[in-house]
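Working notes, beginning with the structure itself.
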Amino acid sequence: MISFTLLVALAAASPPPALDDANNQAREILARDKYGYCHDPNYPLTEVEAGWCPPVGPEHNARCQTFPSACKAPRSQLLNPGRLDFSRGDGGDGKTGDGDRDPDKSTPTGDGKSDGGNSGKRKVPKRLVEPEPDPFELPPLGGLGYAIFWVILGAGLLLIIYLIARNSTRNKPDEAEPVPPPQDELGPAPARDDHSEQLARDVNTLLDQARAAASAGDYARAIHRAHAALLHRLDHDGLIRVAPFRTNGDYVRDLQSEAELRREVRDIVRDVEQAQFGTTRPDASLYERVLQRVVPIATRRSAALLALLAVNLLSCDTRNYPFDHSPSGADAVIELAAKYDITIKFRTTALADLNPNEALGDDNQGRTLVLLHDSPFPTNEEWAHLLEWADNGHHLVIAGRPAPSDLGMSYESGAPGHDLKVSAAFSDRLTELDLITADDSYLVPTRSDGTTLLEFAPGFPYAIQHERGYRGGDVTVFADDRLFTAGALMLRDNPEFLIRFLRDLGPREVEFADGLLDLGADTPAEAIANTHLTPVILQLLALLAVFYFCRGIRFGRPHDPPTRSRRQFAEHVEALGHQYARARASRHAVRLYAVWALERLREKTLMSRTPGIYPLAQAIAGRTGDDENRVMETLVEASSLRDATSISATTATADDLRLMQDLARLVRLVGGPR
Amino acid sequence: MTPQQFAEICSNIRTQVGRVLLGQDEIIDNVLVGVLARGHVLIEGVPGLGKTLMVRALARVLGCVAKRIQFTPDLMPSDVTGGNIFNQQKQQFEFMPGPVFTQLLLADEINRAPAKTQAALLEAMADRSVSSDGVTRPLPQPFFVMATQNPVESQGTYPLPEAQLDRFLMKLDVTHPSREVEKRLLANVVKGFDAAALENVGLEQVITGENLVFMQTYLNQIRVTDDLLDYITDIVARTRSHRSVFLGASPRGSIALLATSRARAAMEGRDFVIPDDIKTLAPAVLRHRLILHPDAEFEGASADDCIKTVLNEARVPKTAA
């Protein structure tokens with residue numbers, strides 16, 4: 001697009017070349033590297049593009065030197081041919097270039113009916129028809145099934161609403177974000193120095209800013225920017241992590257593993273700090289000293305990256321041939337037209353948007369619209385629209401599209417040869433042109449009230465023009481759109497004819513309608529609707545809303561996680577345990593537990609009123625089946641601990657733990673703690 | 001004196017002390033910062049890490065008089081400061097100076113003495129003078145207290161009151177040396193090193209007490225920009241608003257951070273402070289000045305954790321970020 005704009009600008013700045021020089025202009029255009037089929041002997045032509053091979057012939061072609069060689073190269077499959085898809089298959093599967101085009105046996109005519117007459121090799125693609133979504137239907141569930149289904153659905157919705165409502169109000173006081181301390185408490189806010197505004201992170205930008213500041217005499221700022229460039233370079237390389245709370249010392253320490261670089265950075269930082277915090281006033285010499293050491297570090301990494309990128313690029317197969325630059329594309333045609341002050345644009349809005357009563361231009365000239373071969377087939381309404389538009393003085397060119405029925409012609413193929421003659425009725429000057437096309441489609445007029453422009457031979461017209469209305473409008477029908485493609489520019493006087501034809505129509509702005517017509521969206525909402533992603537996006541938005549209300553996550557704005565005001569009980573116990581362990585007070589802990597466990601054991605064995613340890617041991621052993629002596633041993637140990645008058649710190653934590661586990665086991669066996 | 005000369009002297013001091021105290025370069029640096037900043041240092045560490053050795057070595061290298069007080073539960077305040085004793089010959093009371101009248105005082109295991117004895121050091125540390133019987137006597141210059149305490153044995157100890165803790169410029173944590181350092185240490189012992197006989201090591205006296213006082217005065221010339229003052233106040237203010245901190249650092253903490261930063265800057269041969277000085281010294285200067293909420297302590301939070309959080313929130317002046 002940029003090159004195109006530049007070309008237009010250049011063309012506007014200089015007078016257009018002579019019309020009879022159009023062929024030379026086309027040669028210059030095709031000599032550009034981007035038209036690979038004129039430079040690459042192995043250019044993968046599609047089968048359709050290979051249709052130009054017979055007219056070009058095996059001999060050297062002055063405008064497109066390698067095209068004869070490309071004709072001998074393996075064919076490629078053009079996947080989804082169109083201006084937005086540049087991919088070409090490797091041709092190894094033997095499929096034809098138009099293999100993905102639907103080979104309709106019949107194509108619609110202008111009245112919307114099938115056109116059995118269009119049997120050319122290039123089939124009219126189907127109009128892109130939006131598939132009708134399948135209506136959602138519940139499976140046959142029966143009355144009860146439906147009721148259950150709706151109940152579950154309703155309950156689910158209510159549950160979601162309830163969860164959102166509950167979580168949006170739950171624990172608000174506790175989970176509120178920590179209130180920042182008042183500024184009075186924090187004291188005066190740190191003064192932002194004059195260089196502390198948000199810095200760019202791009203190294204080159206920072207270096208540019210440094211140089212600009214230095215040239216303005218602000219050396220403090222210049223040094224600051226150069227220093228920032230250095231740090232961000234190291235940050236980009238993953239050697240350090242730049243953050244507002246990190247000091248230069250932190251950065252130098254980050255470079256522990258790179259001794260040489262660390263030394264360099266330390267030296268630079270020393271100078272920078274001298275300028276920022278020292279008594280030395282930053283001047284040009286200090287700035288130069290800093291910059292001279294920063295630039296090599298900041299750029300050598302970039303150079304390494306560029307080298308790596310270059311190696312990658314060189315190692316890649318760069319032969320990517322965009323559709324627009326192929327023989328089927330129109331880029332070369334657009335460039336050629338631009339040289340003659342003719343602007344060709346691709347129409348994006350629907351044909352229905354064309355205003356049939358559109359006024360003529362200031363020079364009383366109508367506009368030109370070219371319907372190319374792969375443009376969507378107009379509906380009857382659109383045809384009526386278009387013809388009415390042409391009646392009002394505009395120019396409609398139908399190239400390879402089945403023409404509306406009231407023009408009275410159909411398409412056939414199999415005309416003799418590829419050479420075209422220009423009808424004398426068209427223009428005396430044009431009759432001298434030597435034209436050729438790749439295809440042999442021709443028009444069969446059933447009602448000849450138009451002027452034959454081009455024909456293969458008498459009775460085999462290739463292009464016919466009908467005048468419309470009383471304002472100079474016309475409709476021109478071509479048997480195909482080959483003359484509007486770059487492939488045609490390779491041969492004979494095709495370029496000159498194209499330019500003369502477009503200029504003869506008058507206006508300097510021409511619209512091409514191709515397969516992308518009306519595929520664009522006017523609004524973002526329409527774009528989403530076109531992709532049929534509306535339900536998905538709505539679900540995502542709903543999910544985000546749920547996240548927002550449930551988790552309080554403010555998307556795009558970092559904030560502290562909510563702080564818990566209370567610990568969980570398990571955490572409390574764990575912390576308590578750690579405290580006991582730190583104080584080496586396991587004996588104290590087991591004593592407390594022993595008191596509690598003996599009480600529980602007495603309760604559970606109904607021995608609360610029976611004094612003594614032995615009866616309790618008997619009861620426990622009788623209930624659990626444990627060895628009575630072993631139970632007795634545990635109980636005696638526990639009771640002696642309970643009755644001890646003083647407890648000293650002990651290191652025998654293993655014994656304490658064993659006793660606690662034994663008691664816990666007994667409590668569990670007699671019925672648990674509750 | 002130029003910054004480079006200052007740095008060279010400090011480097012020599014470090015080298016000399018480092019000859020007998022292996023693998024504790026950071027502690028030596030920080031103690032030197034404390035000395036230069038006219039502060040007192042509290043060293044927390046288990047016994048046997050060379051705390052006493054460092055003080056003795058430092059005293060020798062600095063050319064100062066050093067004394068040691070072993071704090072015990074029965075130590076009386078007069079055992080620290082000295083007191084009036086009746087001279088029968090002269091028939092009058094005479095003041096007998098205590099061990100605090102020295103230039104370098106090692107208060108070993110300071111938390112083993114009761115609060116009133118600890119408090120005897122308060123005036124000495126804060127005002128560098130001792131008052132007894134209505135007479136105030138100045139302490140020698142320079143005066144520097146290096147106290148130690150054992151973090152492990154808590155029985156029979158008297159934790160230092162906050163007022164006294166605040167008077168320590170820095171609190172340093174001494175940890176065990178690495179294996180390599182410990183092996184070198186053993187190798188030195190094998191060669192005949194005796195910590196009790198430092199005179200045999202051949203430590204060189206680098207400066208005199210007068211030189212040290214001059215160096216302390218020199219720190220006033222170290223430049224501190226407004227940005228850095230903001231940075232210090234920001235850090236200290238944030239300790240007061242930290243959610244785990246019950247009582248944050250006092251303005252004395254700010255002053256201490258400023259003084260130590262200047263000392264560090266001078267030790268590195270600069271005549272200006274940089275943010276890294278402040279950030280590096282903030283934990284040592286502030287950790288003993290914070291009182292944490294009980295529940296935060298219960299959860300295992302430490303003052304160092306809080307300070308780390310604060311330092312990760314405070315914006316460094318003239319940052320490139």
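Basis for what follows: all heavy atoms, side chains included, without hydrogens, waters or symmetry-related copies. Just so it is clear, the structure is predicted and the values come from calculations on it, not from any experiment.
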Main-chain N/O of B:L169 paired to B:R289 side chain as donor or acceptor, under 3.5 Å: yes

Heavy-atom distances under 4.5 Å only: say whether B:L228 touches chain A with side chain, backbone, both or neither. side chain

If we define contacts as heavy-atom pairs under 4.5 Å, which of A:H227, A:E273, A:R270, A:R246 has the most with chain B? A:E273

Parallel, tilted or perpendicular: which describes the rings of A:Y287 and A:Y219, with under 30° parallel and over 60° perpendicular? tilted

Answer yes or no: is there a donor N or O on one side and an acceptor on the other, between the side chain of A:R293 and the main chain of A:R289, under 3.5 Å? yes

SB check B:D304 B:K308 (cutoff 4.0 Å): no

Which region of A:D250, side chain (C-beta onward) or backbone (N, CA, C, O), has a non-hydrogen atom less than 4.5 Å from a non-hydrogen atom of chain B, or is it both or neither? both

From the list B:R270, B:E313, B:R223, the residue making the most non-hydrogen contacts under 4.5 Å with chain A is B:R223

What option among B:T225, B:N312, B:D277 has the most heavy-atom pairs under 4.5 Å with chain A? B:N312

Can you tell which part of B:T239 gets under 4.5 Å to a heavy atom of chain A, answering side chain, backbone, both or neither? neither

Residues B:R262 and B:V224: closest non-hydrogen pair is NE-CG2, 3.6 Å

Given 3.5 Å as the limit, does a donor-acceptor pair link the side chain of A:D267 with the main chain of A:E264, or not? no

Which bit of A:R241 is near chain B, if near means a heavy-atom gap under 4.5 Å: side chain, backbone, both or neither? neither

